[in-house]
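Just below is one structure, and these are the notes that go with it.
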Amino acid sequence: MKKPRIFYYDALRAFAIFFVILIHTSKWFAKNEAVHSLFWNYSSSLAALGNVGVPIFFMISGALLLNRQYDLKSFYKKKLSRIFIPFAFWIIFIIIFKINFLNYDFTLEGIIDIIFFKGFVWYVWTMMGIYLFAPVINSFILDYHIRGVEYFLAIWLFTIILNTFGYYPIKNVELSYFAGYLGYFVLGWYLTNKDFGISSKAMMICSSIVFVISTIITVHCIHLQLLDEVYYLIILPVVQGISFYLLFKSCYDHANESKGTLTNRFVSFVVNSKIGQIITSISICSYGMYLTHYFVIWIVRITNNQTHILLKNPFKWIPVIVLIALLFSWGLIWILSKIPYLKEVSGA
């Protein structure tokens, strides 16, 4: 029997893919603008907001997969194939596209670069690595529960803080078992199951405030050029991710606990309306959208010599390109998911 879908997971996943498309679009505008100009500040600010997307993906996966009893063979067969088969399908088209239109070398080394190293594929390989280790950390959580997770996350946060200020890794101190993106995976389960001892309404307010403040600080750090292009393993995106995740969870909890309130009416309206159906559909298609949305951005880059679109007003063109990439990738994956034999490779 299929478990009922939890809507705030779908909402988080839908926002996560939107944020990913946002950061991948806005960074190209920022690269084509003079540093500290109005257009650069706007584009880089949107990138700072979009940076929360990938941590949210990791956290949702952890929330759904950890602290569960499952057979090792069936877990790997189901979960790894769920990631690898769509990736293997789409990477063929990505290789062909990059070699023919983006001037990548048609050599073994060039193809290996595309498959393993260039662009957004890092997330796929990182997720596969986490899935390989998931049964190990899952057994640890089954044995030690919340206290064990708090022990793990305390050391992970220590490595994050050290990395924020450039002191990680520490010479001769082996902390890599606690470091990296695995922490987000474990964090997702922790945030879902931990009782923080405050009401869902209070949590909703606090997480909103923290998310806004942490995003403003992130934007300011970007404007001061204190952050690299990819900066998921420092404290700012961790705080952004935690607060954004808890905002959606507490909003959903408060709606279920307080019938007749504004939150309850709003969430009920969204869940039971066409909006809810769209959010759920985007959530289901999100992995395939991740694998395909860049085709639109690549086309924009290819045609930029003629259109100069990346030099035009980003206040207008970033939303336009984000919307086109979102609709294209969602529509493509949705259509393929309805065709027999293609659903498995679509990523839906």
Is it the case that the ring center of [Y] lies less than 6.0 angstrom away from the ring center of [X]?
X	Y	value
Phe140	Phe152	no
His24	Tyr294	yes
Phe295	Phe328	no
Trp298	Phe101	no
Trp317	Phe29	no
Phe87	Trp125	yes

From [X] [atom1] over to [Y] [atom2], what is the distance, rounded to the nearest 0.5 angstrom?
X	Y	atom1	atom2	result
Ile160	Ile155	CD1	CD1	13.0 Å
Ile115	Ile94	CD1	CD1	10.0 Å
Ile83	Ile85	CD1	CD1	11.5 Å
Ile318	Leu22	CD1	CG	7.0 Å
Ile297	Phe120	CD1	CZ	9.0 Å

Short question: side chain of [X], backbone of [Y] - any donor-acceptor pair under 3.5 Å?
X	Y	answer
Asn272	Ser268	yes
Ser43	Trp40	no
Asp113	Lys118	no
Tyr252	Tyr9	no
Thr164	Ile235	yes
His254	Thr263	no
Tyr181	Phe58	no
Asn138	Ala134	no
Ser258	Thr261	no
Asp71	Lys73	yes

So does [X] have more than 12 non-hydrogen atoms from other groups sitting under 6.0 Å from [atom1]?
X	atom1	answer
Lys312	NZ	yes
Phe158	CZ	no
Phe196	CZ	yes
Phe84	CZ	no
His220	NE2	no
Tyr144	OH	no
Gln306	CD	yes
Phe315	CZ	yes

Would you mind reporting whether [Y] and [X] have side-chain heavy atoms less than 4.5 Å apart?
X	Y	answer
Asn193	Asn67	no
Phe106	Ile111	yes
Thr280	Arg5	yes
Ile91	Val124	no
Ile161	Tyr168	no
Ser286	Phe57	yes
Tyr151	Arg147	no
Ile146	Trp189	yes

Which pair of heavy atoms, one from [X] and one from [Y], lies closest together, and at what distance?
X	Y	value
Thr218	Ala48	CG2-CB, 3.8 Å
Ser346	Ile333	O-CD1, 3.3 Å
Ser81	Pro86	O-CD, 3.6 Å
Asn41	Ser45	O-OG, 2.6 Å
Tyr76	Leu132	OH-O, 2.6 Å
Val238	Trp156	CG2-CH2, 3.8 Å

Inset, instruction - Answer yes if the side chains of Asp10 and Ser283 hold a donor-acceptor pair under 3.5 Å, and no otherwise. - result: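 Yes - a donor-acceptor pair under 3.5 Å links their side chains.
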
Inset, instruction - Would you tell me whether His293 and Thr25 have side-chain atoms, one donor and one acceptor, within less than 3.5 Å of each other? - result: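 No.
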
Inset, instruction - Could you walk me through whether Val52 and Tyr232 pass the side chain to side chain contact (heavy atoms under 4.5 Å, CB included) test, one step at a time? - result: CA-CA 8 Å; Val52 77; Tyr232 296 119; over 6 Å; no

In the single-linkage hydrophobic clustering (I, L, V, M, F, W, Y; side-chain heavy atoms under 4.5 Å), do [X] and [Y] co-cluster?
X	Y	answer
Leu311	Val35	no
Phe133	Leu142	no
Val212	Met203	no
Ile222	Ile216	no
Val121	Val345	yes

Legend entry - Contacts of Phe93 that satisfy ring-ring contact (aromatic ring centres under 6.0 Å, His included) - sequence neighbours left out: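 Expected list: Phe89, Trp90.
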
Inset, instruction - Walk me through it: do Lys201 and Glu257 pass the test salt bridge (Lys or Arg N to Asp or Glu O under 4.0 Å)? - result: CA-CA 10 Å; Lys201 184 177 181 180; Glu257 294 164 359; over 6 Å; no

Inset, instruction - Describe, in one word, how the ring planes of Phe19 and Phe244 are oriented to each other, choosing from parallel (under 30°), tilted (30 to 60°) and perpendicular (over 60°). - result: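 Perpendicular: the ring planes of Phe19 and Phe244 meet at over 60°.
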
Inset, instruction - Evaluate the ring planes of Phe18 and Phe15, with Trp represented by its six-membered ring, and classify them as parallel (under 30°), tilted (30 to 60°) or perpendicular (over 60°). - result: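 The rings of Phe18 and Phe15 stand perpendicular, inter-plane angle above 60°.
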
Legend entry - Salt-bridge criterion met for Arg82 and Glu344 (N-O under 4.0 Å):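 The answer is no: the pair does not qualify as a salt bridge.
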
Inset, instruction - Test Ile275 against Phe269 for side chain to side chain contact (heavy atoms under 4.5 Å, CB included), laying out the working first. - result: CA-CA 9 Å; Ile275 298 171; Phe269 167 75; 4.0 Å; yes

Legend entry - Pair listing, side-chain hydrogen bond (donor to acceptor under 3.5 Å, both in side chains) test, anchored in residues 206-216, at least two apart: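 Every pair satisfying side-chain hydrogen bond (donor to acceptor under 3.5 Å, both in side chains) with a residue in residues 206-216: Thr215-Gln240.
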
Inset, instruction - Establish, yes or no, whether the cationic atom of Lys98 lies under 6.0 Å from the six-membered ring centre of Tyr104 and within 45° of the ring axis. - result: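 Because its charged atom sits under 6.0 Å from the ring centre and within 45° of the axis, Lys98 does stack over Tyr104.
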
